Visitor: 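Here you go, one structure.
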Amino acid sequence: MSYVNFLAVLISYGDKIRQHWPLILAAYQALVALYQALGKEIPGEGTLQLVSPSEDEMNAEERLAFLIDGDVQAVSAPGRFRKVFDFLKASGLLDVLLGKVLGS
């Protein structure tokens, strides 16, 4: 799954993403903490990647940020969606999670 497809899946939840994004972030942070506690390399981190987002990715990020943050002009942390995507993809969890979500 590509990054823009990942964003599209999140956007497809509409207003529900506002409610569930904090849970997604909490799960991501808990997994990163678990990897660190076990002394494991955190998937997707430690590699230098110069990523220049495409126009489609930037538009999708803006739409997702609007769904999550509403009308508030929030300063989104750079890469806040990509870091979750990169971790899930590198750890193999992306296919598992989305397979369960999209398969049901």
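Just so we're clear, the structure is a prediction, and the values are computed from it rather than from any experiment. Throughout, numbering of the chain's residues begins at 1 and tracks the sequence.
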Visitor: How long is the gap from CG on Leu7 to CZ on Phe81, to the nearest 0.5 Å?
Guide: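 Interatomic distance, Leu7 CG to Phe81 CZ, rounded to 0.5 Å: 7.5 Å.
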Visitor: Looking at side-chain heavy atoms only, is the closest gap between Phe6 and Val84 below 4.5 Å?
Guide: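 Contact flag for Phe6/Val84 side chains = yes.
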Visitor: Just how far is it from atom CG of Asp86 to atom CD1 of Ile42, taken to the nearest 0.5 Å?
Guide: 13.0 Å
Visitor: Tell me the closest heavy-atom pair linking Met1 and Lys89, and the distance in Å.
Guide: O-NZ, 2.9 Å
Visitor: Does any non-hydrogen side-chain atom of Asn59 lie less than 4.5 Å from one of Glu55?
Guide: yes
Visitor: Which distance, rounded to the nearest 0.5 Å, do you find between the NZ of Lys16 and the CG of Leu10?
Guide: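 Lys16 NZ to Leu10 CG: 14.0 Å, rounded to 0.5 Å.
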Visitor: Answer yes or no: is there a side-chain heavy-atom contact under 4.5 Å between Arg18 and Leu67?
Guide: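 Result no, sub-4.5 Å side-chain heavy-atom pair not found.
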Visitor: Supply the atom-to-atom distance Ser54 OG to Glu61 CD, rounded to the nearest 0.5 angstrom.
Guide: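 Separation between the atoms: 8.5 Å.
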Visitor: Measure from the ring center of Trp21 to the ring center of Tyr28 and say whether it is less than 6.0 Å.
Guide: no
Visitor: Is the side chain of Tyr3 donor-acceptor paired with the backbone N or O of Phe85 at a distance under 3.5 Å, no angle test?
Guide: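 No.
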Visitor: About how many Å separate CG of Leu25 and CD1 of Ile68, when rounded to the nearest 0.5 Å?
Guide: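 It comes to 7.5 Å.
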Visitor: About how many Å separate CD of Gln19 and CD1 of Ile24, when rounded to the nearest 0.5 Å?
Guide: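 The CD atom of Gln19 is 10.5 Å from CD1 of Ile24, to the nearest 0.5 Å.
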Visitor: Is there side-chain contact between Ile17 and Ile11, with at least one heavy-atom pair below 4.5 Å?
Guide: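 Ile17 does not reach Ile11 side chain to side chain.
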Visitor: Say whether, by atom type as modelled, one donor and one acceptor occur between the side chain of Lys40 and the main chain of Leu34 under 3.5 angstrom.
Guide: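 Not confirmed, Lys40 side chain does not pair with Leu34 backbone.
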